[in-house]
2 protein chains.
Amino acid sequence: MTPNRKKPNINTTPVELMPDFQFAISVDCVIFGYEENTLKVLLIKSDLPAFANKWSLLGDLLHPDEDLDAASYRVLRDRTGLDNVFLEQVHTFGQVNRHPAGRVVTTAYYSLVNIRHHQLSQLDNELHWHPVNDIHEMAFDHKKILDTCLKHLQKKVQEEPVIFNLLEQKFSLRDLQNLYEAILDVKLDRRNFRKKLFTTDLLTDIHEMEQDVPHRPGKLYTFNHARYAKMKKKTFVGIDF
Amino acid sequence: MTPNRKKPNINTTPVELMPDFQFAISVDCVIFGYEENTLKVLLIKSDLPAFANKWSLLGDLLHPDEDLDAASYRVLRDRTGLDNVFLEQVHTFGQVNRHPAGRVVTTAYYSLVNIRHHQLSQLDNELHWHPVNDIHEMAFDHKKILDTCLKHLQKKVQEEPVIFNLLEQKFSLRDLQNLYEAILDVKLDRRNFRKKLFTTDLLTDIHEMEQDVPHRPGKLYTFNHARYAKMKKKTFVGIDF
DNA sequence: GAATTATACGTACTTTTTACACATTAACCC
DNA sequence: GGGTTAATGTGTAAAAAGTACGTATAATTC
């Protein structure tokens with residue numbers, strides 16, 4: 001636990017650095033979005049020859065004077081222009097040979113963003129939203145990271161109302177149900193879904209209706225952040241397996 | 001994401017190493033045990049002057065040719081002599097100044113062991129089991145790590161039957177309930193607890209009774225690993241917040 | 001052997017989950 | 001403009017799970 005070495009500086013010899021301070025650390029962000037009834041993830045074409053034409057998560061190396069969490073926020077901000085978005089650490093991947101350029105341990109985060117709230121940088125023409133279910137091969141161990149984050153998301157949306165980060169501010173119950181179904185990959189009963197959601201008391205009826213839909217328009221709601229903040233956290237004590 | 005540098009070797013200059021490969025990575029293990037109706041954690045006296053007389057988690061630096069998970073298993077094996085025990089990654093802590101010796105990012109794991117199944121090394125007279133609730137100050141950011149892992153454990157024991165790792169192979173329902181109560185810090189109704197546990201069908205009645213207890217002896221049970229393995233994982237789909 | 005204490009078991013009540021049916025509204029098509 | 005289509009909006013009964021709680025039994029202690 002204790003690296004009894006002084007902080008390396010420009011005069012530090014390699015021998016002094018070795019073997020403890022020879023690691024690189026990166027963060028990788030699984031940025032989820034939702035569009036056309038489909039859960040998507042933002043990917044970039046890998047810039048490594050070893051992974052030519054493979055898609056890669058958005059990541060970067062941790063800077064020497066940067067907190068780990070800050071690095072993931074930086075990646076997200078730089079790539080999407082978005083700030084103050086939902087971002088959570090999931091898991092750290094540290095297989096010896098996971099990166100061809102050397103020993104790079106990476107910490108995976110996932111983020112939930114509203115696709116329409118940002119513009120992909122014009123410069124980033126290698127950046128694209130991909131339906132999560134269409135992704136089979138990726139660079140590095142990124143498929144494994146994606147799978148891990150997706151499982152985490154599936155669990156999370158059932159425990160906390162983070163799902164609203166993926167929707168427009170105003171949404172119909174149908175939108176919300178479609179999104180749950182897309183993430184969880186299940187079909188839900190419409191009537192029981194509505195009942196359940198209304199008992200949470202977190203939806204505000206804004207007395208507006210959907211516009212330009214080719215069927216009877218549904219009511220629009222917003223997520224009541226204030227009420228959720230005040231909600232006493234469910235001190236769930238049960239055994240459930 | 002791409003450190004375009006060659007793998008460092010003994011001839012690599014510091015300038016080449018900087019700034020990417022100047023991190024150290026450690027693992028820290030929160031090793032939980034259960035004794036005298038109390039949840040405990042295995043700690044060691046910090047060997048850093050900066051944290052003299054503070055207690056510290058068991059950890060070590062990641063070796064250059066070692067998987068991250070392997071490092072945590074190594075720490076556990078070296079310290080407790082135990083192998084094949086429950087061990088799970090929880091979170092990675094990467095604040096810039098969390099370690100006085102330099103930039104060390106640490107990945108926290110927690111483990112559940114049976115205190116009586118191992119002997120603390122005679123050499124490790126600085127190693128002790130501490131009641132979790134008595135710990136207030138620790139070295140580094142280890143108190144925060146401990147708290148994070150404890151919360152994780154509290155959630156986990158309600159979702160999966162990992163708790164049996166902390167008990168003897170044979171245990172009474174009272175033992176089991178006491179342990180749940182110690183971990184979750186709640187009082188449970190004895191009758192409902194029994195009912196719930198029996199519906200899981202994971203306890204095997206071995207037709208033995210407690211010995212040498214100063215009251216009516218209870219039946220002893222074992223955890224049915226085989227049945228749990230066969231149990232189809234509860235594909236829980238619900239919204240619960 | 002009476003008092004104490006913990007085990008073992010059962011039942012009524014409440015809450016949550018699940019399954020399922022019908023009327024309503026707006027767009028579309030002829 | 002009226003019938004068709006496809007979605008929204010609401011209600012109710014049965015099943016399952018969770019909660020509260022009473023009493024008999026077995027072993028120890030004094």
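Note: hydrogens, waters and symmetry copies are ignored here, and every other heavy atom, side chains too, is used. All chains are named by letter (A, B, ...) in the order of the sequence lines, taking the proteins before the strands, and each is independently numbered beginning at 1.
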**Student:** Sequence neighbours left out, what passes side-chain contact (heavy atoms from CB on, under 4.5 Å) with D189(B)? Give chain and number order.
**Tutor:**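 So D189(B) forms a side-chain contact (heavy atoms from CB on, under 4.5 Å) with R191(B), N192(B).
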
**Student:** Could you tell me which residues satisfy side-chain hydrogen bond (donor to acceptor under 3.5 Å, both in side chains) with Y221(B), sequence neighbours excluded, listed by chain and number?
**Tutor:**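 Y221(B) satisfies side-chain hydrogen bond (donor to acceptor under 3.5 Å, both in side chains) with no residue once adjacent residues are dropped.
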
**Student:** Apply salt bridge (Lys or Arg N to Asp or Glu O under 4.0 Å) to K195(B) and list each qualifying residue two or more places apart in sequence or on a separate chain.
**Tutor:**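 Checked K195(B) against salt bridge (Lys or Arg N to Asp or Glu O under 4.0 Å); zero matches.
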
**Student:** Tell me, please, which residues at least two apart from K170(A) pass side-chain hydrogen bond (donor to acceptor under 3.5 Å, both in side chains).
**Tutor:**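 K170(A): side-chain hydrogen bond (donor to acceptor under 3.5 Å, both in side chains) contacts with E208(A).
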
**Student:** Not counting sequence neighbours, which residues clear side-chain contact (heavy atoms from CB on, under 4.5 Å) with D201(B)? List them please.
**Tutor:**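 Checked D201(B) against side-chain contact (heavy atoms from CB on, under 4.5 Å); matches are R227(B).
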
**Student:** Show me the pairs that pass salt bridge (Lys or Arg N to Asp or Glu O under 4.0 Å) and involve residues 174-183 of chain B, at least two apart or across chains.
**Tutor:**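 The answer is E181(B)-K187(B).
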
**Student:** Could you pull out all residues at least two apart from A108(A) that satisfy side-chain contact (heavy atoms from CB on, under 4.5 Å)?
**Tutor:**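 If we apply the side-chain contact (heavy atoms from CB on, under 4.5 Å) test to A108(A), skipping adjacent residues, the hits are F93(A), I145(A), C149(A).
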
**Student:** Is the F241(A)-Y228(B) ring centre distance short of 6.0 angstrom?
**Tutor:**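 When the ring centroids of F241(A) and Y228(B) are compared, they turn out to be at least 6.0 Å apart.
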
**Student:** Tell me which residues in residues 168-180 of chain A put a heavy atom below 4.0 Å from DNA chain D, sorted by number, or none.
**Tutor:**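 Output list: R174(A).
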
**Student:** Reading nucleotides 10-17 of chain D from the 5' end, what letters show protein touch, with B for base, S for backbone sugar-phosphate only, - for no heavy atom under 4.0 Å?
**Tutor:** BBB-----

**Student:** side-chain hydrogen bond (donor to acceptor under 3.5 Å, both in side chains) with D134(A): which residues, sequence neighbours excluded?
**Tutor:**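 Partners of D134(A) by the side-chain hydrogen bond (donor to acceptor under 3.5 Å, both in side chains) criterion come out as none, since no residue qualifies.
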
**Student:** Tabulate protein N/O versus nucleotide N/O from nucleotides 3-5 of chain C, keeping only pairs under 3.5 Å, one per line.
**Tutor:**
none

**Student:** State which residues pass side-chain contact (heavy atoms from CB on, under 4.5 Å) with Y73(B); sequence neighbours excluded, sorted by chain then number.
**Tutor:**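 For Y73(B) the side-chain contact (heavy atoms from CB on, under 4.5 Å) partners, ignoring immediate neighbours, are R77(B), L87(B).
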
